[in-house]
Amino acid sequence: DGGITQSPKYLFRKEGQNVTLSCEQNLNHDAMYWYRQDPGQGLRLIYYSQIVNDFQKGDIAEGYSVSREKKESFPLTVTSAQKNPTAFYLCASEPSGGTGADTQYFGPGTRLTVL
Amino acid sequence: AQSVTQLDSHVSVSEGTPVLLRCNYSSSYSPSLFWYVQHPNKGLQLLLKYTSAATLVKGINGFEAEFKKSETSFHLTKPSAHMSDAAEYFCVVISGTGFQKLVFGTGTRLL
């Protein structure tokens, strides 16, 4: 059963803590993406990776970090430098060379709440 | 830069009546446009995409959209709404050269 999985589904963070959100795909896709979704807004791009061991900042990368050590995994760390991290986080992957122009497949999301 | 504007934040319909979700785009060249759907607390699913072939695009679940260059519009329609269509819908345009990122509208909630 192919797809994208994200864990955990819900995550609570205390102020000053770093937390890591997991994203795994078994679709053999080259490109992976992290988006943030806030109420009443569309998705905004945090980071993307077109190939293993390479990643680029998106529009709102401040306070976040990523790694891409394996093709199937693209974890996102929300650091204490992110001042307003409460949001719904979505991971996506894309089958082509990661031009962004092909269909993106989304995971079910992680809802992060800062206490 | 490319952008999209979804003209309605909420649209209410009764089961069996037509659905119209409006989207206008801004682009300096012929754009690629998408509609995605998101059910509550779920990821997004592609409904349909336009990539400069036929201007009337048919998608999944009976949805379709028509690309109208003269009106810079890409409205999403369905002849007869079903309860399972209740969700949030996003109009998306591709922006940029080289790496082309998705630019999302603010969404329309279909009730």
Side-chain angles (χ1 to χ4, degrees), chain A residues 3-11 21 23 25 27 30-51 54-61 87-113, chain B residues 1-11 21 23-27 29-53 57 59-60 74 76 87-109:
Chain A
I4 302 176
T5 58
Q6 291 186 241
S7 62
K9 187 172 183 178
Y10 298 96
L11 184 58
L21 283 59
C23 177
Q25 54 100 359
L27 301 168
D30 289 317
M32 297 185 74
Y33 303 81
W34 273 106
Y35 293 93
R36 170 181 172 138
Q37 185 177 24
D38 295 283
Q41 298 188 36
L43 278 65
R44 292 182 290 167
L45 183 63
I46 304 173
Y47 268 97
Y48 64 96
S49 168
Q50 295 173 279
I51 197 168
D54 185 59
F55 51 82
Q56 306 295 330
K57 292 182 179 180
D59 297 321
I60 55 165
F88 191 49
Y89 290 86
L90 288 157
C91 179
S93 69
E94 182 187 346
S96 67
T99 63
D102 207 335
T103 300
Q104 293 190 17
Y105 295 80
F106 286 81
T110 292
R111 187 165 298 280
L112 173 63
T113 303
Chain B
Q2 278 61 249
S3 65
V4 290
T5 301
Q6 292 185 244
L7 300 169
D8 306 293
S9 59
H10 295 83
V11 170
L21 305 183
C23 173
N24 287 117
Y25 70 90
S26 172
S27 176
Y29 50 84
S30 184
S32 292
L33 293 155
F34 304 76
W35 276 98
Y36 278 85
V37 61
Q38 183 181 32
H39 288 91
N41 292 309
K42 303 288 187 184
L44 276 69
Q45 181 184 20
L46 180 70
L47 277 178
L48 50 83
K49 64 179 178 182
Y50 166 77
T51 54
S52 75
V57 183
I60 62 171
F74 190 57
L76 181 71
E88 187 143 26
Y89 293 78
F90 292 95
C91 184
V92 182
V93 68
I94 286 179
S95 177
T97 57
F99 173 72
Q100 297 175 306
K101 70 175 185 180
L102 301 184
V103 176
F104 288 78
T106 52
T108 298
R109 187 168 296 278

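Letters A, B, ... mirror the listed sequences (proteins, then strands); counts begin at 1.
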Non-hydrogen atoms of [X] and [Y] that approach each other most closely:
X	Y	result
A:Thr103	B:Lys49	OG1-NZ, 3.2 Å
B:Gln38	A:Phe88	NE2-CE2, 3.5 Å
A:Gln37	B:Phe90	NE2-CZ, 3.2 Å
B:Lys42	A:Leu90	O-CD2, 4.3 Å

From [X] atom [atom1] to [Y] atom [atom2], the distance as rounded to the nearest 0.5 Å:
X	Y	atom1	atom2	value
B:Asn41	A:Tyr10	CG	OH	4.5 Å
B:Leu46	A:Tyr105	CG	OH	7.5 Å
B:Leu102	A:Glu94	CG	CD	7.5 Å

*Atom group of B:Leu44 that falls short of 4.5 Å from chain A, counting heavy atoms*: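 Both backbone and side chain.
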*asked:* If I measure from the heavy atoms of chain B, does A:Tyr35 come under 4.5 Å with its side chain, its backbone, both, or neither?
replied: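 For A:Tyr35, the side chain is the part near chain B, not the backbone.
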*Identify which part of A:Leu45 has an atom lying under 4.5 Å from any heavy atom of chain B, answering side chain, backbone, both or neither.*
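Side chain only.
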*Indicate yes or no: at least one non-hydrogen side-chain atom of A:Gln104 is less than 4.5 angstrom from one of B:Phe34.*
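A side-chain contact under 4.5 Å is absent here.
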*List in chain and number order the residues that pass side chain to side chain donor-acceptor pair (under 3.5 Å) with A:Thr110, two or more places apart in sequence or in another chain; answer none if no residue qualifies.*
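Side chain to side chain donor-acceptor pair (under 3.5 Å) list for A:Thr110, sorted by chain: empty.
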_Residues in side chain to side chain contact (heavy atoms under 4.5 Å, CB included) contact with B:Leu7, at least two apart in sequence or another chain_ =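 Side chain to side chain contact (heavy atoms under 4.5 Å, CB included) list for B:Leu7, sorted by chain: B:Thr5, B:Arg22, B:Asn24.
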